Amino acid sequence: MIIAIPVSGKGQNPAVATSFGRAAHFLMYDDETGQYKILENAAMGSTGGAGIQAAQAIVDSGAEMLLTPQCGNNAAKVLAAAGLRIYKTDPGLSAMENLKAFRDNELEELRDIHEGYHGH
Amino acid sequence: MRQLVILSGKGGTGKTTVAGAFIRLSETRACADCDVDAPNLHLVNVAYPLRDDEPYYALPLADIDPALCVSCGECHSICRFDAIIPGGPYRVNDHSCEGCGVCALVCSVGAIHMKPHHAGNMTLYKKENAVFSTAELKMGSGTSGLLVSQVKKRMNAVVEGDIPFSVVDGSPGIGCPVIATLSGADVTLIVAEPSLSGISDLERIVKTARGFGTQVAVCVNKADINPARTRQIQEYCKREGLFFVGCIPYDPLAVVAVNRGVTIADIQCPSGNAAAEVYRRLLPVITQRSH
Amino acid sequence: MKGKTIAFLSGKGGTGKTFLAVNLASVAPSAVYIDCDVEEPNGHLFFRPAWQYSRTIHVPLPQVDPAVCNGCRKCVDFCAFSALAWANGQLILFEALCHGCGGCMMVCPNQALCEADREIGEIKGGTSAGVRVISGFLKPGEATGVSIVKSLLTQAGSGCSVFIDCPPGSSCMVSESIRDADYCVLVAEPTRFGAHNLNMVHELLRLYNKPCGAVLNKCQPGEDPSRDYCLHHGVPILARIPFDERLGLLNSNAQIAVREDKGYREMFQALLLRIDKEACDAAVGHS
């Protein structure tokens, strides 16, 4: 299973980005091999609908799980259609630490879905 | 670094006046003005000797190459936004063009391309270790969540060392730029106005802010203009479990401060004193480490 | 004043744009008030009109026939507004992001898309003590209210003075609102903030070559950068309304000052005459 996390850097243990749609990159973690790769977020500089484009990229990548601090309702709609599940990251932890917390069942499903960008 | 965002349901409530005071009172080394449609904070938050400008490009708009246009009129008839001006050659009205790209799709001679649209400028003001990030959209460019995100990103990118919190002046309303402002906010202070319309504006912005899981606090500006409506706002906050942090009176000296290019915290005045009291009450909420 | 269309603009909300438009319409002999600030229409809170009609406003919205769609994603790639996505073998449409350009239908190789109507808001009309009141309401979260503004302006009728309350700022909705205006009134506060925002809207009016004047609101003794701006840029100052606690209270309770007080009525009648004269002079100067 591939787990996606929006991150702000590409280093060894990057911080979780503050937003989903406008994150710089996504860390794509394969929990079977323990390998990960970095996916550039092409939607980062989008003038509108960044969440939707980012969600489309995550869906297309084949990820099944998303760990994120927050998610807009537009992006959530795309992710839900593809059957992705969304968990809320712990703001005190890095991306790798959040992955561990997720495996240890310490993260909760994201319930607060905020209003999306309105494209204007 | 925690983030305090100052918002209001509509323009003119005194959001920027309060933001300016908070920047002065906290002596924070990181602040931003996200009201990119009509930024005002730079008019009272001065004294940054260094300035760095960068153009901002929004959604590309259609551009007709006059050398290639054969004036067939196909683009004009297909455009749903009245953005094509007929003639020889045809032209695009940048004000009406929404950037959909349909004209470029139908142009049989390939005369139309989507061209990056210089929609505004981003400015980074700096002084020893301190940064103030702001931007301004050009007239008629509409609003943009992207530009707001960029303004915050530019602030965060140059912050040095450990800063307890940043102060961010948001944009009015509940639209896209406000949502971009709220992204990453830890505490939101809403500056409300004691009027009939102000109360409905407040309710809408509270609803929006709550969706982001930030802590929401409310203060009333020009509270003495209508004490009955101010009480109504206080009661609303109590009912909704929102932190009511206090009132700021109508104060002619606030206008004097703005016109001198300083904040209300820089001069001795009733509104400045009240803002300091609001700041003192809110400070523990802004700086607390856990949610 | 007969048959003139006057638009009221400001760089930011809260300057008193609605206050002016509402009170001037209320002293005019035969007036139509049109609230084009469709995101935050507040004029009706003052007029409290008896609504006589309402009409929903629609924009075109694509619809997909899943039986015909083969998932080529050409429409998803074309849409400049990210209003379309593709997940789990289905096309997902985001109505509020759609600008209704029709591009997706054009790029679909299988004619799997067609268009239906989508409601984005409504307009309502009524009367309040002799003033015809027409307001537009954009649904929250919608991308643009330009089509509502267009529809509002068709309701003006003829023979009456028309008072247009524009949205704040200088967006395309403002450009649309002033399209038919004979004269524009800029409303600003007497501060550096006010002057900065005034400059922005004034630029828009220059672009459209509209004659204009300014009303400076909530004035107090001392410096007034907005006045300085007007003097420097040749914008006639139609009135400087002092800050007045009683006006502030009436306004915050959404009461129409000229209907409550003779003094205010006379003040606004005088202002209306001044605006009328400026508008007539401008019309002569233009022709």
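Side chains are part of it too, since the values below use all heavy atoms of this structure and drop only hydrogens, waters and symmetry mates. Just so it is clear, the structure is predicted and the values come from calculations on it, not from any experiment. In the text below, chain A, chain B and the rest are named by the order of the sequence lines, each starting its count at 1.
Put simply, NE2 on B:His95 and OG on C:Ser175 are 4.0 Å apart, with the number rounded to the nearest 0.5 Å. In this structure, B:Lys138 NZ and C:Ser170 OG are separated by 12.0 Å, a value rounded to the nearest 0.5 Å. Of the inter-residue distances, the one linking B:Arg260 atom CZ with C:Arg192 atom CZ reads 10.5 Å to the nearest 0.5 angstrom. One distance of note links CG of C:Leu249 with CG of B:Asn226; it measures 5.0 Å at 0.5 Å rounding. Taking OG of B:Ser197 as the reference point, atom CG of C:Asn42 lies at 4.5 Å (rounded to 0.5 Å).
Contacts of B:Leu59 with chain C are made by side-chain atoms alone, with heavy-atom separations under 4.5 Å and no backbone atom involved. At a 4.5 Å heavy-atom cutoff, the contact between B:Ile225 and chain C is made by backbone and side-chain atoms alike. Of the atoms belonging to B:Glu193, not a single heavy atom falls under 4.5 Å from chain C. In this structure, chain C has no heavy atom under 4.5 Å from any part of B:Asp224. In this structure, the portion of C:Tyr208 lying under 4.5 Å from any heavy atom of chain B is its side chain and not its backbone. Contacts of C:Pro60 with chain B are made by side-chain atoms alone, with heavy-atom separations under 4.5 Å and no backbone atom involved. For C:Thr191, the parts lying near chain B are the backbone and the side chain together; criterion is any non-hydrogen pair under 4.5 Å. Both the backbone and the side chain of B:Pro252 have a heavy atom closer than 4.5 Å to some heavy atom of chain C.
Here C:Gly14 is the residue among C:Gly14, C:Gly248, C:Gly11 with the most heavy-atom pairs under 4.5 Å with chain B. Ranked by heavy-atom pairs shorter than 4.5 Å toward chain C, the options B:Leu41, B:Val102, B:Thr16, B:Thr13 are led by B:Val102. In terms of heavy-atom pairs under 4.5 angstrom with chain C, the leader among B:Gly198, B:Ser96, B:Gly261 is B:Gly261. Interface summary for chain C: among B:Ser200, B:Gly11, B:Ala228, the most heavy-atom pairs under 4.5 angstrom belong to B:Gly11. Taking B:Pro227, B:Ala254, B:Ala38, B:Gly101 one by one and counting their heavy-atom pairs under 4.5 Å with chain C, the maximum is reached by B:Ala38.
Shortest non-hydrogen contact noted between C:Ser252 and B:Pro194 is CB-O, 3.5 Å. Smallest separation of non-hydrogen atoms from C:Phe81 and B:Glu98: CE2-O, 3.2 Å. When all heavy atoms are compared, the tightest approach of C:Phe193 to B:Asn40 is CE2-O, 3.3 Å. The two residues C:Ala80 and B:Gly99 make their nearest non-hydrogen contact at CB-O, 3.3 Å. The shortest heavy-atom contact between B:Asn259 and C:Pro190 is ND2-O, 3.2 Å.
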So B:Arg204 and C:Glu40, salt bridge (Lys or Arg N to Asp or Glu O under 4.0 Å) or not? Walk me through it. CA-CA 11 Å; B:Arg204 291 196 308 166; C:Glu40 280 164 341; 3.1 Å; yes
Test side-chain hydrogen bond (donor to acceptor under 3.5 Å, both in side chains) applied to C:Asn253 and B:Arg229, step by step: CA-CA 8 Å; C:Asn253 284 325; B:Arg229 299 279 177 207; 2.9 Å; yes
I would like to know whether B:Val106 and C:Met106 meet side-chain contact (heavy atoms from CB on, under 4.5 Å); could you show each step before the answer? CA-CA 9 Å; B:Val106 299; C:Met106 293 164 59; 3.1 Å; yes
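The side-chain heavy atoms of C:Lys150 and B:Asp82, taken from C-beta on, include a pair separated by under 4.5 Å. With contacts defined as side-chain heavy-atom distances shorter than 4.5 Å, the pair B:Val255/C:Lys218 does not qualify. In this structure, the side chains of B:Glu136 and C:His196 come closer than 4.5 Å at one or more pairs of heavy atoms. C:Val146 is not listed as a side-chain neighbour of B:Phe81, based on a closest heavy-atom distance of 4.5 Å or more.
Between B:Asp37 and C:Lys12, no side-chain nitrogen of the basic residue sits less than 4.0 Å from a carboxylate oxygen of the acidic one, so the salt-bridge criterion is not met.
For C:Arg118, the CZ atom sits in a packed shell: over 12 heavy atoms of surrounding residues, nucleotides or ligands are nearer than 6.0 Å. Remark: B:His113 NE2 is loosely packed, at most 12 non-hydrogen atoms of other residues, nucleotides or ligands lying under 6.0 Å away.
For the side-chain contact (heavy atoms from CB on, under 4.5 Å) test, residues two or more places apart in sequence or in another chain that qualify with C:Glu245 are C:Phe243.
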